[in-house]
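Let me begin by presenting the structure, written as structure tokens, before commenting on it.
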Amino acid sequence: MVGQQTTASENGREAVRCPTSFIPRVAAADHRRRMPAAALPSGVVVTDEIPPGRSEDEDDPRWELPNERKPVPELVSDRVAELVRTGELLPGERLPTEPLLARRFGVARSSVRSGLQRLQARGVVEVNRGRGWYVADDPHPQVPPIDDPDAERAFDDLEVMEVRIALEGIAAALAASRARSVPGKVDEIAKRSREHREAAHDDPDALLRTDKAFHLAVVDAAGNDYLTAVYGSLVPRVDGWRRESFTTPEVHDRSATEHDQIAFQIRRGDEVGARMTMTGHLLGHYRALSRELERDVDPASFPAYVDATDAPIWQKD
């Protein structure tokens with residue numbers, strides 16, 4: 001075989017090293033597909049260790065992790081999933097060993113294992129005990145529920161905020177459409193808005209508590225239990241950043257004023273106006289978070305959540 005090297009191991013067995021960089025792409029995939037132990041010649045072990053003097057795999061850009069503020073296991077799982085999605089890693093193909101992946105990624109072996117276990121939970125890879133990790137025969141990701149205790153996923157704060165903007169925009173619109181049938185809940189929104197406005201500028205815990213109480217009152221007024229349950233799984237993920245965002249009296253004043261505007265649109269039953277004011281309010285937080293994280297990704301904009309043909313009541317008066 002071209003590029004094959006045979007060396008004697010310590011226990012007397014031959015190790016046939018077939019670096020994938022020596023053989024065509026299709027052949028490499030075949031070489032690393034599942035092979036029954038009985039199919040191997042007697043005394044021969046197939047390994048994907050790199051022979052001494054070869055280091056091109058270490059410089060292969062395919063194995064570079066993105067420079068993002070995410071847990072390392074998540075970066076590993078994202079990169080391997082991308083290689084599967086683009087066809088660099090084929091269904092049934094055997095992955096490099098965990099130590100080799102750790103060297104290629106430049107991370108700890110425990111991070112590699114955790115990353116692969118994330119992909120295993122999603123059905124992208126599977127483990128063959130004693131033989132290693134393989135791409136699943138049908139590697140279409142199966143995303144576990146966000147409240148799955150076994151998922152152990154750390155979601156990106158910006159992505160959480162993008163979903164929250166959409167969710168609360170709908171909640172505000174539903175609350176406005178049902179304002180006349182739930183006057184008590186509309187009064188609760190106004191009460192929570194007032195409490196947030198009256199909270200002390202220099203008490204971030206009180207500001208966070210009253211801010212959360214206002215938004216929860218809006219979601220509750222929407223009258224949709226499932227929406228409320230989904231919302232409850234999102235908000236705690238950005239609590240830390242939101243608390244730290246109350247850095248000046250101006251930030252608090254702007255937040256309180258926007259809360260009052262949202263409460264006013266809901267009380268008057270303006271569905272489009274409520275959705276637009278809530279969307280604008282949360283987009284402000286979203287842009288501040290985007291600047292803080294210094295992401296290269298283009299942030300979402302107002303038209304992503306509000307149609308250009310939407311017309312609130314105040315434009316019709």
Side-chain angles (χ1 to χ4, degrees), residues 7 9-11 15 17-22 28-29 31-34 45-136 139 141-144 146-160 236-238 240-241 292-297:
T7 59
S9 62
E10 293 182 359
N11 61 9
R17 293 181 170 83
C18 303
T20 58
S21 58
F22 289 176
H31 153 64
R32 292 186 301 200
R33 287 179 183 275
R34 300 178 187 81
V45 176
V46 175
T47 176
D48 54 6
E49 294 179 4
I50 302 174
R54 297 198 60 86
S55 61
E56 59 266 32
D57 276 329
E58 298 174 4
D59 299 325
D60 189 337
R62 295 183 306 161
W63 302 103
E64 292 180 1
L65 296 180
N67 185 20
E68 298 181 8
R69 291 178 59 180
K70 289 183 178 181
V72 175
E74 186 174 353
L75 292 175
V76 171
S77 64
D78 287 350
R79 190 69 193 113
V80 174
E82 178 66 12
L83 292 175
V84 172
R85 186 188 68 79
T86 59
E88 291 287 336
L89 294 174
L90 303 176
E93 183 172 344
R94 177 170 171 256
L95 272 63
T97 61
E98 288 181 9
L100 182 53
L101 282 175
R103 291 200 300 271
R104 288 176 173 177
F105 285 130
V107 301
R109 180 176 175 179
S110 59
S111 295
V112 169
R113 179 171 297 175
S114 296
L116 293 178
Q117 288 172 341
R118 289 167 181 256
L119 293 179
Q120 183 184 24
R122 296 170 56 191
V124 178
V125 301
E126 54 192 47
V127 65
N128 186 332
R129 191 169 301 278
R131 301 196 63 81
W133 291 92
Y134 291 83
V135 179
Q142 303 296 318
V143 181
I146 56 178
D147 58 351
D148 183 352
D150 296 325
E152 297 182 356
R153 289 173 293 165
F155 291 94
D156 182 273
D157 285 346
L158 279 180
E159 293 179 355
V160 173
R237 299 177 184 275
V238 291
W241 175 83
E292 181 177 316
L293 297 179
E294 298 180 346
R295 294 290 173 79
D296 294 331
V297 178

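In what follows, residues are counted from 1 in the order of the sequence shown.
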d(Arg104 CZ, Thr97 OG1) to nearest 0.5 Å is 8.0 Å

Contacts of Glu159 meeting salt bridge (charged side-chain N to carboxylate O under 4.0 Å, His left out) (sequence neighbours excluded), chain-then-number -> none

**Item:** Val135 side chain reached by Leu90 side chain, heavy atoms, under 4.5 Å
**Value:** no

For Leu119 and Ala81 the tightest heavy-atom approach is CD2-CB, 3.9 Å

So ring pair (Phe, Tyr, Trp, His ring centres under 6.0 Å) across residues 74-106, not counting sequence neighbours, yields Trp63-Phe105

Exercise for the section: Determine, for Glu82 against Arg85, whether the closest basic-nitrogen to carboxylate-oxygen distance falls under 4.0 angstrom. Expected result: yes

By side-chain contact (heavy atoms from CB on, under 4.5 Å), Ala102 pairs with (sequence neighbours left out) Arg109, Val112

query = Ser77 side chain to Glu74 main-chain N or O, any donor-acceptor pair under 3.5 Å?
reply = yes

With sequence neighbours left out, the residues meeting salt bridge (charged side-chain N to carboxylate O under 4.0 Å, His left out) with Arg113 are Glu98

Here the ring pair (Phe, Tyr, Trp, His ring centres under 6.0 Å) pairs for residues 70-94, sequence neighbours left out, are none

By side-chain contact (heavy atoms from CB on, under 4.5 Å), Gln120 pairs with (sequence neighbours left out) Gln117, Val125, Val127, Trp133

Short side-chain to backbone donor-acceptor contact, Arg94 and Arg131, under 3.5 Å
yes

### Message
Taking the side chain as everything from C-beta on, heavy atoms only, tell me whether Leu116 gets closer than 4.5 Å to Leu101.
### Response
yes

